[in-house]
Amino acid sequence: MLNTNLTTPAIHEDTPRIPSADRQRVLVAVSEQEFTRFLPQGLPESTDHVSWTLLPLCSENRGRWEELLKLHNPTILVTGWTTPPVTESMVQSDWFGVEYICHLTGTVRKLVPELAFKKGIVVSNWGTLASMSVAEHAILLVLACLRALPRWQQVLRKPQKDYESSKLALKTQSLARKKVGLHGFGNVAQKITELLQPYDVTIGAYSQGVPDDLMHEFGVQPYGSLSDLFANSEILIECESLTEQSRHSVTAEMFALLPDDGVFVNVGRGALVDESALADEIRRGRIRLGTDVFAREPLPPDSEFHELEGAVFSPHIAGPTQDLYKDCGRLALENIQNYTHQLPLKAIVTLESYLRST
């Protein structure tokens with residue numbers, strides 16, 4: 001068996017239901033690229049108690065997804081970004097024997113139906129492994145905006161007579177003692193709160209359904225509405241999950257509540273924001289903008305964002321960073337080993353967290 005020791009703390013720990021099969025059948029249904037990223041050390045060897053099968057996903061296999069699930073009849077299914085959905089009709093079928101879905105990556109909202117949780121199927125993901133990475137990226141974008149990074153090259157090209165005045169025109173700012181707002185208060189926001197502590201900032205947050213007591217535990221001021229949060233923030237970090245309630249909730253009216261030269265950073269989801277209003281803000285240059293996400297990714301060639309200057313854009317790379325993929329794979333293997341030995345699992349996805357996820 002591979003060494004699956006991992007020291008990363010879990011989001012939740014729970015005891016799985018007792019496996020019903022004498023021999024657990026593990027099907028790893030991911031693309032070759034995902035397998036190389038997450039499981040570079042390969043799979044454990046099959047034993048009398050656990051069999052391991054790799055199903056490299058390609059376009060042909062995705063088209064035969066239900067047929068292949070029937071054929072392999074796994075009790076444990078390992079999934080990734082490219083794995084086709086497990087549908088309600090599959091979960092309701094007599095042939096469906098999956099007891100545990102071990103997701104190598106983050107959200108399972110588009111992969112697993114709500115019915116799976118009601119049927120008692122255990123689901124896990126990469127837990128908090130990506131949270132610190134995303135939080136780091138959020139701070140990176142904030143600092144890049146405050147220090148006017150997109151305009152540095154322009155200043156460096158200035159002749160000597162214009163050099164000093166051009167530097168002053170950058171209006172660089174420090175993060176210290178700023179008022180920071182967090183739209184969302186999940187694992188990423190909590191890590192951002194921890195990273196901000198040395199800067200002596202004041203932190204507020206709004207996230208529908210999150211109790212005030214949780215924010216108070218982190219020394220964060222809860223706000224009763226998104227507009228109150230924007231109106232009381234000099235820096236606004238977007239890290240809310242995407243739901244029907246939060247979709248397009250960041251509007252032109254919200255941007256108008258930020259002060260001149262305020263900062264807006266998005267490491268959540270592009271569809272949380274009215275992107276037309278976002279593009280207008282970039283053109284006006286009234287506030288500073290940094291985003292890692294867009295509603296359509298990759299950006300279409302004709303996207304107006306390609307023509308805009310003065311903002312910091314990154315190509316959805318906040319997290320996890322590439323060096324963490326193997327840790328996600330080790331967590332998955334450890335969970336599967338624990339499941340087959342009826343031991344507690346890490347990073348369990350509960351129905352509550354599923355319903356709040358993107």
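From a predicted model like this one, the values you see are computed outputs, not experimental measurements.
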Colleague: Is there a donor-acceptor pair under 3.5 Å between the side chain of S233 and the backbone N or O of L229?
Modeller: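 Yes, because the side chain of S233 sits within donor-acceptor range (under 3.5 Å) of the backbone of L229.
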Colleague: With a 4.5 Å limit on heavy-atom distance, are the side chains of V30 and T83 in contact?
Modeller: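 Result yes, sub-4.5 Å side-chain heavy-atom pair found.
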Colleague: If you define the side chain from C-beta out and look only at heavy atoms, does anything of T79 sit under 4.5 Å from V86?
Modeller: no
Colleague: Counting N and O atoms only, with roles assigned by atom type, does the side chain of R109 sit under 3.5 Å from a partner on the main chain of S357, one being a donor and the other an acceptor?
Modeller: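 Yes; at least one donor-acceptor contact below 3.5 Å.
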Colleague: Check the pair Y100 / S124 against side chain to side chain donor-acceptor pair (under 3.5 Å), numbers first and verdict last.
Modeller: CA-CA 8 Å; Y100 172 31; S124 68; 2.7 Å; yes
Colleague: Between the side chains of K70 and E67, is the shortest nitrogen-to-carboxylate-oxygen separation below 4.0 Å, so that they form an ion pair?
Modeller: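 Salt bridge flag = no for K70 with E67.
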Colleague: Do L129 and L324 have side chains that get closer than 4.5 Å, going by heavy atoms?
Modeller: no
Colleague: Salt bridge between D261 and R288, side-chain N to carboxylate O under 4.0 Å?
Modeller: yes
Colleague: Could you give the distance from OH (Y223) to OG (S225), rounded to the nearest 0.5 Å?
Modeller: 10.0 Å
Colleague: Please determine whether residues M132 and L104 belong to a single hydrophobic cluster, defined as Ile, Leu, Val, Met, Phe, Trp and Tyr linked transitively by side-chain heavy-atom distances below 4.5 Å.
Modeller: no
Colleague: Check side chain to side chain contact (heavy atoms under 4.5 Å, CB included) between E60 and all other residues, then give those that pass, not counting sequence neighbours.
Modeller: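 Partners of E60 by the side chain to side chain contact (heavy atoms under 4.5 Å, CB included) criterion, ordered by chain and then number, come out as C58, R64.
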Colleague: Write down the atom of E238, the atom of F264, and the distance for their closest heavy-atom approach.
Modeller: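 Distance-wise, the nearest heavy atoms are CB-CZ, 3.9 Å.
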Colleague: Nearest 0.5 Å please: distance from the OG1 atom of T193 over to the CG atom of L182.
Modeller: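 Here the rounded value is 5.0 Å.
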Colleague: With no hydrogens and no angle check, just 3.5 Å: does a side-chain donor-acceptor pair link S314 and D292?
Modeller: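 D292 and S314 do have a side-chain donor-acceptor pair below 3.5 Å.
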Colleague: Does a donor on one side chain sit under 3.5 Å from an acceptor on the other, for E253 and T251?
Modeller: yes
Colleague: So L195 and E136, do their side chains get closer than 4.5 Å, heavy atoms only?
Modeller: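 Yes. Closest side-chain heavy atoms under 4.5 Å.
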Colleague: Of the non-hydrogen atoms in Y354 and V112, which two are nearest, and what is the gap between them?
Modeller: OH-O, 2.5 Å
Colleague: Answer yes or no: is there a donor N or O on one side and an acceptor on the other, between the side chain of R62 and the main chain of T82, under 3.5 Å?
Modeller: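 Yes: the side chain of R62 pairs with the backbone of T82.
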Colleague: Knowing that exactly one of T75, T47, T340 qualifies, which makes a side-chain hydrogen bond (donor to acceptor under 3.5 Å, both in side chains) with Q24?
Modeller: T75
Colleague: What's the separation between atom CZ in F35 and atom CG in L55, rounded to the nearest 0.5 Å?
Modeller: 11.5 Å
Colleague: Of all heavy-atom pairs between F255 and R286, which one has the smallest distance, and what is that distance?
Modeller: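 Scanning both residues, the minimum pair turns out to be O-NH2, 2.7 Å.
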Colleague: S174 and A176: which non-hydrogen atoms are nearest, and at how many Å?
Modeller: OG-N, 3.0 Å
Colleague: When rounded to the nearest 0.5 angstrom, what distance separates CG in N125 from CD1 in I101?
Modeller: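 Here the rounded value is 12.0 Å.
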Colleague: Could you walk me through whether T243 and S246 pass the side chain to side chain donor-acceptor pair (under 3.5 Å) check?
Modeller: CA-CA 5 Å; T243 64; S246 63; 3.3 Å; yes
Colleague: Between G127 and A347, which heavy-atom pair has the shortest distance, and what is it?
Modeller: CA-CB, 3.5 Å
Colleague: Do Y199 and L236 land in one hydrophobic cluster if side-chain heavy atoms of ILVMFWY residues count as linked below 4.5 Å?
Modeller: no
Colleague: Are M254 and V263 connected in the hydrophobic side-chain network, where two residues link if heavy atoms are under 4.5 Å apart?
Modeller: no
Colleague: How far apart are the closest heavy atoms of R330 and Q41, and which atoms are they?
Modeller: CG-NE2, 3.7 Å
Colleague: Just checking Q173: does its CD atom have more than 12 heavy atoms from other residues, nucleotides or ligands closer to it than 6.0 angstrom?
Modeller: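 Yes - once you tally the heavy atoms of other residues, nucleotides and ligands closer than 6.0 Å, there are more than 12.
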Colleague: Does S93 use its side chain to pair, donor to acceptor, with the backbone of F96 at less than 3.5 Å?
Modeller: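 Side chain of S93 to backbone of F96: no pair is present.
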Colleague: Report yes if some heavy atom in the side chain of I203 is under 4.5 Å from a heavy atom in the side chain of I192; otherwise report no.
Modeller: no
Colleague: Are L272 and L278 connected in the hydrophobic side-chain network, where two residues link if heavy atoms are under 4.5 Å apart?
Modeller: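 Result: yes, single cluster for both.
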Colleague: Donor-acceptor pair, distance only, cut-off 3.5 Å: does the side chain of W81 make one with the backbone of E34?
Modeller: no
Colleague: Find out whether I76 and E99 are in side-chain contact, i.e. whether some heavy atom of one side chain is under 4.5 Å from a heavy atom of the other.
Modeller: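 Counting from C-beta outward, I76 and E99 never come under 4.5 Å.
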Colleague: Has E304 got a side-chain atom pairing as donor or acceptor with A279's backbone, closer than 3.5 angstrom?
Modeller: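 Between the backbone of A279 and the side chain of E304 there is no qualifying donor-acceptor contact (under 3.5 Å).
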Colleague: Find the distance between NZ (K346) and CG (L331) and round it off to the nearest 0.5 Å.
Modeller: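 So the NZ of K346 and the CG of L331 are separated by 7.0 Å.
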Colleague: Quick check for you: to the nearest 0.5 Å, what is the distance between Q190 atom CD and S131 atom OG?
Modeller: 8.5 Å
Colleague: E240 and salt bridge (charged side-chain N to carboxylate O under 4.0 Å, His left out): which single residue from R356, R247, R269 fits?
Modeller: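 Answer after filtering R356, R247, R269: R356.
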Colleague: With a 4.5 Å cut-off on side-chain heavy atoms, are L77 and L69 touching?
Modeller: yes
